[in-house]
Amino acid sequence: MDLPSSWDALRKQARKLEAQLDEHMNSYRRLVSTKDDGTQSELESGIDRLLKQLQQVNSQMQAWVSSGGSEIFSHTLTRHQEILEDLTQEFYRLRSSLRAKQEHASLLEDFREFDRTRLDLEDGGGSQEQALLKEHASISRSTGQVMVLRLNLFKYEIELTWGNWNYPNCKCKP
């Protein structure tokens with residue numbers, strides 16, 4: 001990203017990034033509301049990259065204001081920082097919601113698999129040894145998913161507890 005040399009250039013760059021973020025966030029909202037996982041990581045990395053670029057532009061604007069900018073510049077900077085904070089919080093909220101939906105779908109699929117295995121046992125399909133192997137595999141898979149779920153919950157707790165420190169205007173430090 002090239003460094004703008006004037007306040008107007010910084011402001012235009014911030015507005016451009018905000019517009020791109022808004023477009024990406026609309027796509028991400030649609031993704032979260034549907035079950036399609038196809039472009040999830042691509043969208044997330046794009047949004048994350050744009051958020052970092054907007055943070056850099058805001059930092060450059062902050063340096064401009066600190067070096068003797070007017071009150072109007074300060075007000076404009078505050079507005080751009082608020083937009084960044086809102087977009088960042090919404091992104092984290094949507095990402096958490098998407099992760100929860102994916103984990104829920106995975107758990108439902110495991111339950112369906114368990115139910116199918118149980119029905120196979122009741123119907124006498126296959127040998128008892130094969131049924132026990134299937135049940136063991138299902139339990140192992142479920143145990144692994146529970147561990148992943150616990151790790152994800154721990155990660156989200158850390159994000160919620162300590163993530164606020166990354167927001168420039170956040171007054172809520174733990």
Side-chain angles (χ1 to χ4, degrees), residues 1-109 144-174:
M1 179 168 48
D2 49 338
L3 295 175
S5 59
S6 72
W7 176 260
D8 287 334
L10 286 170
R11 201 184 50 169
K12 286 177 185 176
Q13 189 173 11
R15 284 196 315 238
K16 178 183 169 192
L17 289 169
E18 290 165 358
Q20 288 174 337
L21 271 165
D22 193 43
E23 183 180 311
H24 280 71
M25 290 295 286
N26 283 331
S27 298
Y28 197 65
R29 274 185 217 97
R30 282 193 299 275
L31 176 87
V32 169
S33 68
T34 64
K35 302 246 186 222
D36 182 30
D37 292 340
T39 59
Q40 170 194 344
S41 62
E42 185 179 311
L43 262 174
E44 286 179 354
S45 64
I47 291 171
D48 202 32
R49 178 183 47 81
L50 288 170
L51 286 170
K52 287 176 183 173
Q53 287 178 352
L54 186 55
Q55 177 62 46
Q56 288 174 349
V57 170
N58 281 355
S59 295
Q60 292 172 358
M61 292 171 86
Q62 178 66 49
W64 189 277
V65 169
S66 297
S67 67
S70 72
E71 189 175 322
I72 293 172
F73 290 171
S74 179
H75 177 72
T76 302
L77 171 62
T78 301
R79 182 64 192 130
H80 284 293
Q81 288 173 331
E82 289 170 353
I83 291 170
L84 173 63
E85 186 175 333
D86 291 346
L87 288 170
T88 303
Q89 287 177 349
E90 182 180 10
F91 175 59
Y92 288 146
R93 182 187 59 78
L94 287 171
R95 186 170 59 183
S96 294
S97 176
L98 181 61
R99 298 285 189 276
K101 281 184 178 184
Q102 290 170 336
E103 289 170 8
H104 181 260
S106 175
L107 290 173
L108 282 177
E109 183 56 39
Q145 288 178 340
V146 166
M147 292 301 291
V148 168
L149 178 63
R150 289 179 71 188
L151 287 172
N152 284 336
L153 288 173
F154 180 70
K155 183 182 90 172
Y156 296 136
E157 181 181 342
I158 287 172
E159 280 182 13
L160 291 173
T161 303
W162 298 102
N164 290 335
W165 287 21
N166 295 329
Y167 304 128
N169 292 333
C170 184
K171 306 285 190 266
C172 49
K173 303 237 187 262

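All residue numbers refer to positions in the sequence shown, counting from 1. Note that the coordinates shown come from a computational prediction; the quantities given were computed from them, not determined experimentally.
His24 places a side-chain N or O within donor-acceptor distance of the main-chain N or O of Gln20, the cut-off being under 3.5 Å.
In the model, Ser27 has a side-chain atom that pairs as donor or acceptor with a side-chain atom of Arg30 under 3.5 Å.
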Subject >> Worked check of side chain to side chain contact (heavy atoms under 4.5 Å, CB included) between Asn26 and Arg29 >> reply: CA-CA 5 Å; Asn26 283 331; Arg29 274 185 217 97; 2.3 Å; yes
Original post:
Step by step, would you call Met61 with Phe73 a side chain to side chain contact (heavy atoms under 4.5 Å, CB included)?
Top reply: CA-CA 8 Å; Met61 292 171 86; Phe73 290 171; over 6 Å; no
Subject >> Steps toward side chain to side chain contact (heavy atoms under 4.5 Å, CB included) verdict (Leu98, Leu94) >> reply: CA-CA 6 Å; Leu98 181 61; Leu94 287 171; over 6 Å; no
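Contact annotation: the side chain of Gln13 never approaches that of Gln53 to less than 4.5 Å [non-hydrogen atoms, C-beta and beyond]. Within the 4.5 Å cutoff, the side chain of Gln81 has heavy atoms near those of the Gln62 side chain. In this structure, the side chains of Glu85 and Gln89 come closer than 4.5 Å at one or more pairs of heavy atoms. Side-chain atoms of Ser97 and Arg93, non-hydrogen and from C-beta on, never get closer than 4.5 Å to each other. Side-chain contact between Arg11 and Asp8 is present, with heavy atoms from C-beta onward closer than 4.5 Å.
With values rounded to the nearest 0.5 angstrom, Leu17 atom CG is found 11.5 Å from Ile83 atom CD1. Summarising the geometry, atom CZ belonging to Arg99 is positioned 6.0 Å from atom CZ belonging to Arg95; distances are rounded to the nearest 0.5 Å. To the nearest 0.5 Å, the span separating CD on Glu42 from OH on Tyr28 amounts to 13.0 Å. Note that CG of Leu50 and CE of Met25 are 11.0 Å apart. Values are rounded to the nearest 0.5 Å. Thr88 OG1 to Leu54 CG: the interatomic distance, rounded to the nearest 0.5 Å, is 7.5 Å. Distance check: Thr76 OG1 to Trp64 CH2 gives 13.0 Å after rounding to the nearest 0.5 Å.
When the salt bridge (charged side-chain N to carboxylate O under 4.0 Å, His left out) test is applied to Arg15, no partner is found at least two apart in sequence or on another chain.
The shortest heavy-atom contact between Asn58 and Leu77 is O-CD1, 3.6 Å. Taking each heavy atom of Val57 and Ala14 in turn, the nearest pair found is CG1-CB, 3.8 Å.
Comment: Lys52 engages Asp48 in a salt bridge, judged by a side-chain N to carboxylate O separation of less than 4.0 angstrom.
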